[in-house]
Structure formats: C-alpha cells, structure tokens
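Whatever order the structure lists them in is the order used to number ligands and atoms, beginning at 1. Just so it is clear, the values below take in all heavy atoms, side chains as well, and ignore hydrogens, waters and symmetry mates.
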Amino acid sequence: MRLLLVEDDDHVAAALSAILARHGFRVTHARNGEEALQALLPADAPPFGVVLLDLGLPDQDGYEVCGKIRKRTSTPVIMVTARSDVRSRIHGLNLGADDYVVKPYDTGELLARIHAVARRTGAPDEAAPGPNGGGGPAVVRLGPVAVELSTRRVSVDGVDVPLTRKEFDLLALLAQRPGVVFRREQIISEVWRTSWEGTGRTLEVHVASLRSKLRMPALIETVRGVGYRLVPPPAA
Ligand code: CA
C-alpha cells in the first residue's frame with residue numbers, strides 16, 4: 001500500500017518511514033501541507049491507501065490541510081498529534097479524518113490503526129490483507145480445515161470447531177498466506193493490536209490451543225526465533 005507521511009520533523013519521519021517500509025508500505029514523505037497536497041495530485045500514480053497527517057505543520061494548520069485533502073480525494077486520513085483533548089479529536093473527525101492517534105503512540109497500535117482504516121475504507125492493503133480485504137477468498141481450505149472468513153466459522157472435516165475471538169484472528173491471519181512465515185511482532189501487532197512484549201506468552205498459548213482444538217499439531221509450525229507459519233496439509 002502507498003502511504004503519504006506528512007511530518008515536518010525529519011528524525012520522526014525517518015524512523016517512522018523505516019518501520020512502515022519494513023511492514024510493506026511504500027512511503028512518500030511530505031514535509032508540510034503544500035507538499036502533501038501536491039503529492040495527492042498526480043493521477044498517473046497508484047492512489048495512496050492512507051495519509052498519516054501530523055497536525056503541527058510549519059506552513060498550514062493540519063486541520064486545514066485535512067479539510068483540503070478531503071475536498072480533493074477520498075483517501076483515508078489518520079491525524080497524528082500531541083493534542084489529546086476531546087474537542088481536538090472531535091474537530092479532526094468532523095473535518096473528515098478517519099482516525100486520530102495521539103503522540104507519543106505505540107507503533108504497533110499505529111500500524112493496527114492504519115490496517116483497520118484501510119480495511120474499513122476498502123483501500124488495497126496488500127501489506128496485510130484483512131479477513132474481507134485484499135480480494136482474498138471467503139473460505140480458506142487447508143486440507144480438512146475450512147476457515148470461513150466472513151462468518152468466522154472454522155470446521156474440520158465439516159464439524160464446527162468453536163474458537164475464541166483471538167484464536168480465530170490468529171488462524172485467519174496465518175491462513176491468509178499459507179507457507180509464509182509471520183514474525184511474532186507482526187502477529188502480536190495484528191491480532192492483539194499492541195506491540196507489548198508481554199503478549200509473547202499469550203501468543204504461544206493461543207498457538208498451542210489452536211493446534212489442540214484443530215487436532216492438527218503440525219498445521220502451525222514454529223519457526224524458532226522468528227515466528228510461525230501455517231503448513232497446509234498435503235492434499236488427500
Ligand atoms: Ca510537527
């Protein structure tokens with residue numbers, strides 16, 4: 001997904017761009033409101049999936065920039081600001097912002113919010129296709145296991161297997177790309193909406209529970225020191 005980062009602080013922008021790039025975003029950096037509006041103009045480039053808009057800009061008020069962006073494009077806008085009071089949030093949302101993140105933020109939360117906004121607005125989110133995003137199939141079949149993304153039902157050999165919300169989210173995430181290794185931080189950020197390290201044990205517990213409930217211990221493989229991947233069973 002293309003992402004427009006509007007941020008006048010070069011240090012913040014460089015650090016954030018690196019994180020975003022690692023998560024598959026193609027980042028364009030604008031240092032002020034004018035650059036941001038210019039970047040949104042060209043019609044020949046693929047459209048931006050989301051705009052991350054810092055409100056404290058040198059040339060124009062960030063709220064004003066948001067209003068102008070809204071007038072010329074439907075690209076979702078996430079406002080990033082140190083102003084945390086309710087009136088500022090409401091003002092931002094009234095101007096057409098899709099979400100509002102207060103500095104200092106947790107990068108895991110920021111990434112989760114970007115993905116959530118992209119899913120809601122139907123922006124192409126190839127960095128992490130959501131259950132109903134990315135044009136993926138509604139049902140993922142893995143040998144005897146069927147994962148119905150829209151109804152959140154999972155069955156093995158046609159028999160429903162009740163999963164908790166997080167167990168389903170975890171399975172659905174891995175099932176989006178069978179064979180691909182998902183890093184622990186990535187899973188924690190996507191499923192638990194946090195980058196909190198303490199969630200590590202929770203992840204292990206959920207993987208163990210999925211292996212046991214689906215009665216397929218080999219379905220989710222531990223990639224030591226990295227994370228997990230889903231290994232599709234051989235076709236019967
Ligand atoms: Ca700023």
Enquirer: Would you call Asp61 and Lys68 a salt bridge, taking side-chain N to carboxylate O under 4.0 Å as the test?
Expert: no
Enquirer: Does one side chain, of Ser189 or Arg183, offer a donor that lies under 3.5 Å from an acceptor on the other?
Expert: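 Arg183 and Ser189 do not have a side-chain donor-acceptor pair below 3.5 Å.
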Enquirer: Can you tell me the N, O or S atom of Asp8 that's nearest the Ca ion (ligand 1)?
Expert: OD1
Enquirer: Does Gly56 bring an N, O or S atom to within less than 3.0 Å of the Ca ion (ligand 1)?
Expert: yes
Enquirer: Which of parallel (below 30°), tilted (30 to 60°) and perpendicular (above 60°) describes Tyr63 and His91?
Expert: tilted
Enquirer: Nearest 0.5 Å, what's the CG-CD1 distance between Leu210 and Ile220?
Expert: 4.5 Å
Enquirer: Within 3.0 Å of the Ca ion (ligand 1), is there any N, O or S atom belonging to Glu7?
Expert: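 Checking Glu7: none of its N, O or S atoms is under 3.0 Å.
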Enquirer: Determine, step by step, whether Arg184 and Glu204 satisfy the salt bridge (charged side-chain N to carboxylate O under 4.0 Å, His left out) criterion, reporting the C-alpha distance in whole Å, the side-chain angles of both residues, the deciding distance to 0.1 Å, and the verdict.
Expert: CA-CA 10 Å; Arg184 300 175 59 86; Glu204 278 158 33; 3.6 Å; yes
Enquirer: Near the Ca ion (ligand 1), is there an N/O/S atom from Asp9 that is less than 3.0 Å away?
Expert: no
Enquirer: With the Ca ion (ligand 1) as the reference point, give the N/O/S atom of Asp54 that is nearest.
Expert: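 Result: OD2.
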